[in-house]
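The structure appears below as structure tokens.
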Amino acid sequence: MLLTGWLFDVYEDPLDGLAVWLLGDDGRRRRLRQAFPVTFYASGPEARLKAVEGFLAKRSPAAQVERTERCDVFAGRDVPVVAVKVPRPADVPGVFRPLERAFPDLSYGDVDLQLSIRYAAASGLFPLARCRMEVDAGGRVLAAEALDSPWDMDRPPMPLRICSLEPDVDPAHADPRWLVVRCGEQEHRLALNAPRAMLVNLRALLLRHDPDLLLAARGDTWLLPWLIDLADQWGVDLPLNRDHHGKIGRRKERWYFSYGQLVYRGEQVLLAGRWHIDRHNAMLWDDYDLEGVLELARVTCLPVQTSARVSPGTGISSVQMLTALRLGVLVPWQKQQAEEPHSALDLFAADQGGLVYQPKIGLHRNVSGLDFVSMYPAIMVNYNISPETVSATPRPGAERVPELNLWIDRSRPGLVPQALLPLLNRRVALKERLAGLPHDSPEYQLNKKRASALKWLLVTCFGYLGYRNARFGRIEAHQAVTAYGREALLCAKEVVEEHGGEVIQMYVDGLWVKDCPADYPSLLDEILARSGLPVGLDGVYRWVAFLPSRVHPRRAAANRYFGVFQDGEVKVRGIEARRRDTAPFISATQLAVLKILARHADPQDGLPEAWQALRQRLDLLRRGRVKLEDLLLAQKMGRDMEEYKARSPVARAVAQLQAAGKTLKPGQRVRYLLTLGHPGVWAWDLPSHPPLASLDIARYEELVLRAAGTVLAPVCGILESQFPAYFRQHASPHEFDRYTSQALPGAAKALPRARGRAPASLPV
DNA sequence: TACAGTCGGGG
DNA sequence: GTGTACGACTGTA
């Protein structure tokens, strides 16, 4: 039988090797089976390989053992190996573990690979591929072929049936009463206080709609674990899985450090034959949602349920492994080559990393923002930077890295550039398409999410190059990339200056140019021609403010700025509104003030209106008209409770929750209100809310004024620290407490003009 | 004032 | 599955 359709999912089947789900063109969802033997390799001295053969013949008779050669990418050549082929993926650990224990001195390759990646490399199929399968009467796949590729720009959408499940409130905050279930056009509200009826109804819905995707809010961390227990308790057979043979996969919650910050990942519940995604436990869901997840699955070949939950780092690592498998390069089981311990993992490490300049503090008009497009990935591709192409000694035909004693072999394409090239090309193609589409069209939205998912993959690949435990990482390659980056930025600066522009700020992959020559295309082309890397115009700022450091007011903070483009769009970086610990009301106030300034060609002309808006906001705060949710500060718990030395607000809020029986894990976010007296905070997830009168309004006022000062002080030409006093004196002629909304229009007239007040040290 | 603790950055 | 930068800022002691 010949079937065509979409590849829905592939996972291990203990008996047959693989379970393969096909979403057929006829609308049927079929669980097929496929035999799938897998091979891994051992390499080392001849005598040891002989011993391996003897060992396996005795200990693992089911394994087929063969002598051959494979490419060791770090050695740069084919090496003799023992190939060990086992009948099913599930057989690998049983054969490998004793082998590795007996021969710890050998190198191993292709051992610990995700099944989906092995399958993709072997079959040419990928998640969501259009495909044709030849299947026997017993549902065994005899042959399969892909009918499209992940790089296709236009593909028919996969006809997914989606069911969404959502509790009426966040279960961490309060006890939900309803579960809202949406299947297609229908919406059902299931009462949670009648568990048996709820289960029976949910079962009926699942059977009737048979969804491909359960999109559950808090599905990982609350709903599914709870439903599974409840169904068990009430003896209801709840068909969460579509695969009757499959088990529901549970992964425990965990926390870890990544790029210097603590990350908490909640428990995961993975279904068989159906996808389950919890948008609150899905990486970057708010950025690219389902379409981005599907794009990731196609290009990384990770299963959809995995793509939704992993960090882009895992994604890029999968693409590298896939590339290696397809090229016949061994994927090291453990990292082979020695390297210095290092710390500079991050894209923006200033020391021997990206180039950072001290901008000129204050307000600047008519500034162009120029950015290299995907700078670091473009460098890796353009200069062929890969762990195996970098060497610390000159080799014939190798190119020296600027400023460093490193050489790059450009005679053969490196593994990492080969993995990146299609991603980079696709992102460029998607962006080109976006440029021609109206922003409100569905096609624009779709492609934007795809481009965004690719962006994160590309951003992370640089970090992976320098990451100690990456399989295809090497610190020297990482250093080479940043060296080329610095060179490219300096090259761009030269070109700009030759054209008569003044560079007022440079930051890793971007530069800000005052009174940039208007002939952009030729300027950008020249930078491309001289640096080899594409540059784009981020936009032309009507004005942009670079902020001084709060700790050292004479020094500029490279990373705190805001500005307004010619079309009125606002861009902010590093200031309160960008920080996830800022209360929504405070962010909103800061942005509201900034948007008022943005409406004026000269931001100072917006000051009277900005003062008025600020007074109104403070008035709302005073009169208790701000929703409690909008006053929530949110911070991550950075360590275990016992490890806190200072009674910081977070520590106090966590302690409150603990006393109320709610335990938080490191990396989880704690939301709290600021209250009067001791302990000064009120954790949001406590069973009750604080009385309105106990909110520390004065403290909130301080925070509002501080955030407003960040954007207003540079426009007034004063230091941020002077702002609250300045505001009370100049912009608020009446006593604070006497504010009423009726008094406001008159008050606005009494405002002074700030123009010309700037001290000499602050260019305005 | 020193120290402890958390945040951004990429588009 | 793995994972702990750096500088800037805020708050505590």
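To find a chain, count down the sequence lines: A is the first, B the second, and so on, and within it residues start at 1.
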Item to check | Whether A/Phe462 and A/His478 hold their rings parallel, tilted or perpendicular, with breakpoints at 30° and 60° | outcome: parallel

Item to check | Ring geometry between A/Tyr561 and A/Trp512 (parallel below 30°, tilted from 30 to 60°, perpendicular above 60°) | outcome: perpendicular

Tell me whether the side-chain N/O atoms of [X] come closer than 4.0 Å to OP1 or OP2 in [N].
X: A/Arg265; N: C/dT2; value: no
X: A/Arg652; N: C/dT12; value: yes
X: A/Arg699; N: C/dG11; value: yes
X: A/Arg706; N: C/dT10; value: yes

For atom [atom1], what is the distance between [N] and [M], given to the nearest Å?
N: C/dA5; M: B/dG10; atom1: C1'; result: 15 Å
N: B/dC7; M: C/dT4; atom1: C1'; result: 15 Å
N: C/dC9; M: B/dG9; atom1: C1'; result: 15 Å

Could you tell me whether [X] contacts a base, only the sugar-phosphate backbone, or nothing, with contacts defined as non-hydrogen atoms closer than 4.0 Å?
X: A/Lys448; answer: nothing
X: A/Ser549; answer: sugar-phosphate
X: A/Arg251; answer: sugar-phosphate
X: A/Lys645; answer: sugar-phosphate

Checklist entry - Paired with B/dA4 by Watson-Crick or G-U wobble geometry, both distances under 3.5 Å: which nucleotide is it? => result C/dT10

Checklist entry - Looking at B/dG11, does its base get a donor-acceptor pair with the side chain of A/Arg578 below 3.5 Å? => result yes

Checklist entry - Looking only at N and O atoms, is any donor in the side chain of A/Thr314 or the base of C/dT2 less than 3.5 Å from an acceptor on the other one? => result yes

Taking only the side-chain heavy atoms of [X] (C-beta and beyond), determine which of [options] contains the nearest atom.
X: A/Met321; options: C/dG1, B/dG11, C/dT10; value: C/dG1
X: A/Ala557; options: B/dG5, C/dG3, C/dC9; value: C/dC9
X: A/Pro649; options: C/dG1, C/dT12, B/dT6; value: C/dT12
X: A/Arg573; options: B/dG11, C/dT2, C/dC9; value: B/dG11
X: A/Gln635; options: C/dG11, C/dT10, B/dT6; value: B/dT6
X: A/Asn559; options: B/dG9, B/dT6, C/dC9; value: B/dG9
X: A/Val459; options: C/dC9, B/dG10, C/dG11; value: B/dG10
X: A/Trp456; options: B/dG10, B/dC7, C/dA8; value: B/dG10
X: A/Asp581; options: C/dG1, B/dC7, B/dG10; value: B/dC7
X: A/Arg639; options: C/dG11, B/dC7, B/dG5; value: B/dG5

Next on the checklist: Determine whether the aromatic ring centres of residues A/Trp333 and A/Phe40 are separated by less than 6.0 angstrom.
Outcome noted: no

Item to check | Aromatic ring proximity, centroids under 6.0 angstrom, A/Tyr108 and A/Tyr41 | outcome: no

Checklist entry - To the nearest 0.5 Å, what is the distance between CD (A/Gln635) and OG1 (A/Thr582)? => result 9.5 Å

Checklist entry - For the salt bridge (Lys or Arg N to Asp or Glu O under 4.0 Å) test, which of A/Arg250, A/Arg254, A/Lys252, A/Arg251 pairs with A/Glu267? => result A/Arg250

